Novice: 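The structure's right below; bear with me while I get my questions together.
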There are 2 protein chains.
Amino acid sequence: MSIYKKSAPVDVVAFAKALADDTRQRIMSLCCCERLTVGDITTKIGVAQPTVSHHLAILREAGLVTAEHQGRETFYSLNQERLSVCCGQLMVRFAPDEDVTQTVKHALNKR
Amino acid sequence: MSIYKKSAPVDVVAFAKALADDTRQRIMSLCCCERLTVGDITTKIGVAQPTVSHHLAILREAGLVTAEHQGRETFYSLNQERLSVCCGQLMVRFAPDEDVTQTVKHALNKR
DNA sequence: TTATTATATAGACGTACGTCTATTTGTCAA
DNA sequence: TTGACAAATAGACGTACGTCTATATAATAA
């Protein structure tokens, strides 16, 4: 079970730091719609397995991925809800009210 | 005039890196609703003036603030539109469709 | 021009971070 | 129990980054 409850406050700097690496963003993209093992990710990403484990630990710490242990494998998947909450906080932290609306429009127009 | 047009593609990693520092986020908060000079920011932030200039350069590079020169002063303000676009891209990059909607809800509920 | 003020740039310094190899821990099959 | 496999941890190494002081650049005032 994650330490991140629905009401957990968002540290926007920590959230940004977790996102501030290309390898981690690629891992997040991979885990967006699929449960993947560390081995799967290692193969697809093309960096060493300990490096992948390291990045997964950072993403876990930020609550952005969840880990499920099954036998000797661990399946990772993106924590969509946490991501949503963090993005929401990011928007409202700096954007004045009318601009949040615009952000929403931008987001929806991309779909 | 900024190099960032409305249609400029968003480098989500670069965006996250620009946000991934507490001093820069504090600067962004300060510039959210006010045009401020480097001197103003330096006083309010409590770090050396060259450090502030350095962070402002990074935020400028990411398109997150705009600079207006007036005499020997430079006024900085947050680029709300760019921030909106980047947040939107961040949401849609990882969140599946139904989750974007949820992100929007989270954002709006905070208002 | 000369002095003063505002900002930017250069460069040094220490710390944080991403990556790797080697090893450990944990799980399953023979 | 032993061997093989999956993932995590330890530790080394180089680079990137945040901060500072010193200096340069640019604009205004005397």
Side-chain angles (χ1 to χ4, degrees), chain A residues 1-3 11-31 34-79, chain B residues 1-3 11-31 34-79:
Chain A
M1 186 174 63
S2 166
I3 61 170
D11 178 340
V12 181
V13 175
F15 170 59
K17 283 188 178 177
L19 286 175
D21 179 79
D22 181 57
T23 303
R24 283 197 288 278
Q25 288 207 7
R26 274 153 58 215
I27 291 174
M28 288 173 68
S29 290
L30 287 177
C31 294
E34 254 184 308
R35 282 168 79 249
L36 293 175
T37 66
V38 177
D40 293 337
I41 298 169
T42 300
T43 303
K44 290 169 189 276
I45 289 285
V47 299
Q49 173 267 312
T51 303
V52 171
S53 281
H54 171 246
H55 287 302
L56 286 170
I58 290 170
L59 292 173
R60 254 187 290 129
E61 201 67 25
L64 291 172
V65 297
T66 56
E68 290 173 85
H69 301 280
Q70 282 186 15
R72 54 185 163 186
E73 294 178 310
T74 307
F75 288 87
Y76 281 90
S77 45
L78 197 61
N79 184 345
Chain B
M1 187 171 60
S2 165
I3 61 169
D11 179 341
V12 181
V13 175
F15 171 58
K17 283 188 178 178
L19 286 175
D21 180 80
D22 181 57
T23 303
R24 282 197 290 277
Q25 287 206 7
R26 275 154 55 216
I27 291 174
M28 287 174 68
S29 289
L30 288 177
C31 295
E34 256 184 307
R35 282 167 80 247
L36 293 175
T37 66
V38 178
D40 293 336
I41 297 169
T42 300
T43 303
K44 290 170 189 273
I45 289 285
V47 298
Q49 173 268 313
T51 303
V52 171
S53 280
H54 171 246
H55 286 302
L56 285 170
I58 290 170
L59 292 172
R60 254 187 289 128
E61 200 67 24
L64 291 172
V65 298
T66 56
E68 291 173 84
H69 300 281
Q70 282 186 15
R72 53 185 163 186
E73 294 177 309
T74 308
F75 288 86
Y76 281 90
S77 46
L78 196 60
N79 184 346

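Because only heavy atoms are used, hydrogens play no part in the values below, and waters and symmetry mates are left out as well, while side chains stay in. Since the model is a prediction, treat every value here as computed from it, not as a measurement.
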Novice: Of all the heavy-atom pairs spanning B/L59 and B/A18, show the shortest one and how long it is.
Specialist: CD2-O, 4.0 Å

Novice: Is there a donor and acceptor pair, one atom on the side chain of B/R72 and one on the base of C/dT7, closer than 3.5 Å?
Specialist: no

Novice: Please find the pair of heavy atoms, one from A/V65 and one from A/L56, that lie closest to each other, and give the distance.
Specialist: CG2-O, 4.0 Å

Novice: Looking only at heavy atoms, what is the nearest atom pair of A/L78 and A/L64, with distance?
Specialist: CD1-O, 3.3 Å

Novice: Between B/C31 and B/Y76, what is the shortest heavy-atom contact and its length?
Specialist: SG-O, 4.0 Å

Novice: Return the value, rounded to whole Å, for the distance between atom CG of A/L56 and atom C1' of D/dA8.
Specialist: 11 Å

Novice: Tell me: CG of B/D40 to C1' of C/dT5, nearest whole Å?
Specialist: 14 Å

Novice: Using whole Å, what does the distance between atom P of nucleotide D/dA6 and atom CD of A/E68 come to?
Specialist: 19 Å

Novice: Evaluate the criterion side-chain contact (heavy atoms from CB on, under 4.5 Å) for residue pair B/D40 and B/E34; output intermediate values, then yes/no.
Specialist: CA-CA 11 Å; B/D40 293 336; B/E34 256 184 307; over 6 Å; no

Novice: What pairs meet the side-chain hydrogen bond (donor to acceptor under 3.5 Å, both in side chains) rule with one or both residues in residues 12-22 of chain A, with sequence neighbours excluded?
Specialist: A/D22-A/R26

Novice: Looking at every strand, decide which applies to B/T74 at a 4.0 Å heavy-atom threshold: base, sugar-phosphate, or nothing.
Specialist: sugar-phosphate

Novice: Hey, does A/F75 reach any base, or is it just sugar-phosphate, or nothing, if we go heavy atoms under 4.0 Å?
Specialist: nothing

Novice: For the pair made of CD1 in A/I41 and P in D/dA7, what is the distance, rounded to whole Å?
Specialist: 9 Å

Novice: Is there a side-chain contact between A/Y76 and the phosphate of D/dA6, meaning an N or O under 4.0 Å from OP1 or OP2?
Specialist: no

Novice: Has the side chain of B/Q25 got a donor or acceptor atom that lies under 3.5 Å from a matching backbone atom of B/L19?
Specialist: yes

Novice: What does the list of N/O pairs under 3.5 Å between the protein and nucleotides 13-19 of chain D look like, with a distance for each?
Specialist:
unit_1, atom_1, unit_2, atom_2, d
D/dG18, OP1, B/R24, NH1, 3.2
D/dG18, OP1, B/R24, NH2, 2.8
D/dG18, OP2, B/R24, NH1, 3.4
D/dT19, OP1, B/T23, OG1, 3.0
D/dT19, OP2, B/H55, NE2, 2.2

Novice: Rounded to whole angstroms, how far apart are CG on B/L36 and P on C/dA6?
Specialist: 15 Å

Novice: Less than 3.5 Å between a donor and an acceptor, one on the side chain of B/E73 and one on the base of D/dA27, is that the case here?
Specialist: no

Novice: Using whole Å, what does the distance between atom C1' of nucleotide D/dA7 and atom CD of A/Q70 come to?
Specialist: 14 Å

